[in-house]
Amino acid sequence: MSKVPKGMTLVVGLGVSGRAICRHLARHDVPFMVADTREVPPGLDDFERVHPGVALHCGPLAALDMSDAEEIVVSPGIDLNTPGLAEQKGRSRATGEPLVVGEMALFVRAARAPIAAITGSNAKSTVTTLLGEMAHEAGRQVAVGGNLGTPALDLLAEVPEAELYVLELSSFQLETTPWLGAETAAFLNLSEDHLDRHGDMPGYRAAKLGIFRGARHAVVNAEDSMTWPLVPMAAMDLFTTRPPSAEEWGIARQNGSDWLMHGATPLLAVGEMGLTGRHNQANALAALAMGTHLGFPLAAMCQVLRRFKGLAHRSELVAVCSGVRWVNDSKGTNVGATLAAIGGLGPTLSGRLVLLAGGLGKGADFRPLAEPLARYGREAILFGTDAGLMASALQGSVSVTRVDDLMTALARAREIAEPGDCVLLSPACASLDQFSGYGARGDAFRQWVRQHVEEARHVD
């Protein structure tokens, strides 16, 4: 059995985050070695070139003696219950700190600027990007990353003069963060996801609630009490898609149109927003609440809301052809995300929704999709590994067609969509049964739609 030398830090996982951890430790002259459960991790040659002489253990973690490790820093993709690692979870360092931590624990020690942190089952990338754009518009030197884009530890080196860090954080990152100490922290929503990792919803929620450890200000969903901290915080803002109470952020009618509101104060007509759909209006309110706490001018924040049209693969309008909207929501990898997309787009249509969905369901319950599809759906076209499970859950609520793959689903959608309809790719599932990731799935959708539009133009 190989052994971690006494006093050395062990990095577990050689993926994107693991490599960022290694770069951070190297910059700070912290001696470390690396372990990866794969016999031949991707990028191994490049790692050895960048970090010559660093010891590397490949294979089962149970074959590595970790008893003398100074600290074990685990990449988010590594399950803490992995044999060999699970036995280390309850141990503490000589300082009293946990022995097993994640990348964010290292980040918090090194960061010298306030942290704005965002989590949730859905929409965290949108809110993170919005808040980062608002900070930039307000003249702040801001660094944006985390689970989105640049790893947090790399931001320390890439933006050394940052006045603010805006970070998207996943449950995998938060469960290994003993203390975050964010200036403002948002928990946007909670729906079934990653139950294969966290075991059940209480376990998933507990990991997400780690975002509030040491936070000075919280932003939570007034319509979802599962996003609220277990102990109420003195500084806490609530957002809702309903008319708000005196202190809430919400949506209300003013002079015949809907407005984003803070209590009784109108902020911006929703018709001026670059984003569409009720779910994106909720995202805007969360960003406004965080930005206001951080001291951003309202005019700067509203300017961002007017111009920001959304992220790729997240309710992305690809084209309108013959009166049919084609929307790429490939990042809708869980039921909650797809519910948000249906609920946001359905009420805006003169026609019906044609939903393209399916893939790897990660143990999710698809039944909540039945009611909104009964209300807004024309047909659900299902593909991928768990299409059968989804079909069973939707039976009787909407017309269902099962096909082999996304290309066949798109061809079927073209046949049945009518003017006023929206063809929505929001799979409620992971993509890895048929694609390399949700981005590749969305790219395939986008490419097919654009080709279809071009063909229709030549026919016209």
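The figures here come from the full heavy-atom set of this structure, side chains too, leaving out hydrogens, waters and symmetry mates. Note that the numbering runs from 1 along the sequence shown for the chain.
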Carboxylate-amine/guanidinium proximity below 4.0 Å for [X] and [Y]:
X	Y	answer
D421	R325	no
E133	R307	yes
R446	E316	yes
E163	R140	no

With rounding to the nearest 0.5 angstrom, report the [atom1] to [atom2] distance, [X] to [Y].
X	Y	atom1	atom2	value
Y165	R112	OH	CZ	9.0 Å
L190	W228	CG	CH2	14.0 Å
N283	S125	CG	OG	10.5 Å
L61	E87	CG	CD	9.5 Å
Y376	T348	OH	OG1	9.0 Å
Q281	I251	CD	CD1	4.0 Å

Check whether the side chains of [X] and [Y] place a donor and an acceptor atom closer than 3.5 Å, and report yes or no.
X	Y	value
E223	T240	yes
S330	H313	no
W179	T177	no
E183	H293	yes
H279	S315	yes
D237	H217	yes
N81	K89	yes

Quick one: does [X]'s side chain have a donor or acceptor within less than 3.5 Å of a partner on [Y]'s backbone?
X	Y	answer
N280	L275	no
Q447	A444	no
R27	A157	no
T292	A289	no
T227	N221	yes
R91	V100	no
R352	G377	yes

For a 4.5 angstrom cut-off between non-hydrogen side-chain atoms, does [X] reach [Y]?
X	Y	result
L169	I118	no
M261	Q254	yes
F187	K208	yes
T9	L25	yes
R253	D258	yes
C422	V324	no
N334	S191	yes
R216	T184	no

**Request:** Using side chain to side chain contact (heavy atoms under 4.5 Å, CB included) as the criterion, point out the one residue from L56, V11, L10 that pairs with M33.
**Result:**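 One option only clears the test, and that one is L10.
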**Message:** Between N147 and F172, does the side-chain contact (heavy atoms from CB on, under 4.5 Å) criterion hold? Intermediate values first, please.
**Reply:** CA-CA 10 Å; N147 191 55; F172 297 170; over 6 Å; no
Do you know the tightest heavy-atom contact between [X] and [Y]?
X	Y	result
L131	A116	CD2-CB, 3.8 Å
V335	A364	CG2-CB, 4.1 Å
P244	G263	CG-O, 3.4 Å
P178	T176	CD-O, 3.4 Å
G145	L155	N-CD1, 3.8 Å
L260	A284	CD1-CB, 4.1 Å

**Prompt:** Around E48, counting heavy atoms of other residues, nucleotides and ligands shown, do more than 12 lie under 6.0 Å from its CD?
**Reply:** yes
**Message:** Counting only heavy atoms not in R367 (residues, nucleotides, ligands), do more than 12 fall under 6.0 Å from its CZ?
**Reply:**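 Incorrect, the count does not exceed 12.
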**Prompt:** Considering residues at least two apart in sequence or located in another chain, which fulfil the side-chain contact (heavy atoms from CB on, under 4.5 Å) criterion with T333?
**Reply:** K362, Y438, R441
**Asked** Would you call the rings of W448 and W326 parallel, tilted or perpendicular if under 30° counts as parallel and over 60° as perpendicular?
**Response**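 Answer is tilted, since the angle falls between 30° and 60°.
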**Message:** Would D154 and R19 count as a salt bridge (Lys or Arg N to Asp or Glu O under 4.0 Å) here? Give the steps.
**Reply:** CA-CA 10 Å; D154 284 342; R19 295 290 294 273; over 6 Å; no
**Message:** Just checking F32 against H51, ring centres under 6.0 Å apart?
**Reply:**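 Centroid separation for F32 and H51: below 6.0 Å.
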**Asked** When you look at M390 and C429, which way does the side-chain contact (heavy atoms from CB on, under 4.5 Å) test go after all the steps?
**Response** CA-CA 10 Å; M390 192 178 292; C429 292; 3.9 Å; yes
**Request:** Check step by step if side-chain contact (heavy atoms from CB on, under 4.5 Å) holds for V423 and L353.
**Result:** CA-CA 6 Å; V423 178; L353 272 175; over 6 Å; no
**Request:** Under the side-chain contact (heavy atoms from CB on, under 4.5 Å) rule, what do L174 and M104 come out as? Steps first, then yes or no, please.
**Result:** CA-CA 8 Å; L174 289 167; M104 290 308 301; over 6 Å; no
**Request:** Would you please name every residue forming a salt bridge (Lys or Arg N to Asp or Glu O under 4.0 Å) with R38, sequence neighbours left out?
**Result:**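 With sequence neighbours excluded, R38 shows a salt bridge (Lys or Arg N to Asp or Glu O under 4.0 Å) to D36, given in chain and number order.
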**Message:** Is there a salt bridge (Lys or Arg N to Asp or Glu O under 4.0 Å) between R109 and E71? Walk through the geometry before answering.
**Reply:** CA-CA 14 Å; R109 290 176 206 163; E71 187 168 48; 2.4 Å; yes
